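In this text the structure is predicted, and so the values were computed from the model without any measurement.
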Amino acid sequence: MFWFLLITMVVVVAAVTLAVVGGGDSEVLPDVAPEELVDPLPDARPVDRADVEALRLPVGVRGYRMADVDDVLVRLGAELAERDARIAELEEALAGAAADGDGEGGRA
């Protein structure tokens with residue numbers, strides 16, 4: 001009985017090994033093409049919160065693909081810098097308009 005179980009186990013292990021390895025020239029699993037980032041961020045308008053929430057970066061062998069992440073972060077950083085500059089410009093214009101309004105009101 002012992003020999004029967006031992007031979008059966010060796011046959012099962014050999015069959016599983018051949019199935020996994022492929023047993024010949026044919027590949028069991030084809031090579032997978034690496035994921036590429038298809039930039040979903042809009043070019044025609046500024047990026048909004050929904051665009052960032054919908055963004056999914058491709059995963060590489062050891063995590064996210066650094067080049068794709070760097071590209072997205074550079075773009076988001078540039079757009080945030082543009083918005084910050086525009087906000088500062090508008091706040092300065094508002095402060096100037098408020099100062100002009102206060103000055104004219106005191107003369108009357």
Side-chain angles (χ1 to χ4, degrees):
M1 183 68 171
F2 173 75
W3 291 106
F4 175 74
L5 288 175
L6 184 63
I7 292 170
T8 305
M9 196 167 18
V10 168
V11 169
V12 169
V13 169
V16 170
T17 302
L18 284 176
V20 170
V21 173
D25 294 335
S26 64
E27 293 184 26
V28 175
L29 297 175
D31 289 335
V32 177
E35 291 184 43
E36 295 293 327
L37 176 65
V38 178
D39 190 5
L41 300 177
D43 290 330
R45 63 175 173 79
V47 175
D48 61 14
R49 181 181 179 149
D51 296 327
V52 175
E53 288 175 352
L55 180 66
R56 296 294 176 257
L57 299 170
V59 178
V61 175
R62 298 184 312 177
Y64 290 106
R65 296 175 55 124
M66 290 176 21
D68 293 333
V69 173
D70 290 345
D71 291 344
V72 169
L73 291 176
V74 165
R75 176 158 181 207
L76 291 175
E79 287 200 21
L80 288 173
E82 287 178 22
R83 288 182 186 176
D84 289 345
R86 180 68 177 148
I87 288 170
E89 179 183 313
L90 292 173
E91 286 177 343
E92 186 177 312
L94 182 62
D100 289 344
D102 288 342
E104 291 178 10
R107 292 183 188 169

Might you confirm whether atom CZ of Arg49 has over 12 heavy atoms from other residues, nucleotides or ligands at distances under 6.0 Å?
-> no
Take atom CD of Glu89 as the centre, draw a 6.0 Å sphere, and report whether it contains more than 12 heavy atoms from other residues, nucleotides or ligands.
-> yes
Under the side-chain hydrogen bond (donor to acceptor under 3.5 Å, both in side chains) rule, collect the residues that match up with Asp48, sequence neighbours excluded.
-> none
Who passes side-chain hydrogen bond (donor to acceptor under 3.5 Å, both in side chains) against Glu82, sequence neighbours left out?
-> none
Heavy-atom pair of closest approach, residues Glu79 and Val47 = OE1-N, 2.7 Å
The remaining residues in the hydrophobic cluster of Leu90, counting side-chain heavy-atom contacts under 4.5 Å among Ile, Leu, Val, Met, Phe, Trp and Tyr, are none
Decide whether Leu73 and Val52 are clustered together by the hydrophobic rule: side chain heavy atoms of Ile, Leu, Val, Met, Phe, Trp, Tyr closer than 4.5 Å, transitively.
-> yes
Is it the case that one hydrophobic cluster holds both Leu5 and Val12, taking links as side-chain heavy atoms less than 4.5 Å apart, direct or via other members?
-> no
Can you tell me how far [atom2] of [Y] sits from [atom1] of [X], rounded to the nearest 0.5 angstrom?
{"X": "Glu91", "Y": "Asp84", "atom1": "CD", "atom2": "CG", "value": "9.5 Å"}
{"X": "Ile7", "Y": "Phe2", "atom1": "CD1", "atom2": "CZ", "value": "10.0 Å"}
{"X": "Leu80", "Y": "Ile87", "atom1": "CG", "atom2": "CD1", "value": "9.5 Å"}
{"X": "Asp68", "Y": "Met66", "atom1": "CG", "atom2": "CE", "value": "11.0 Å"}

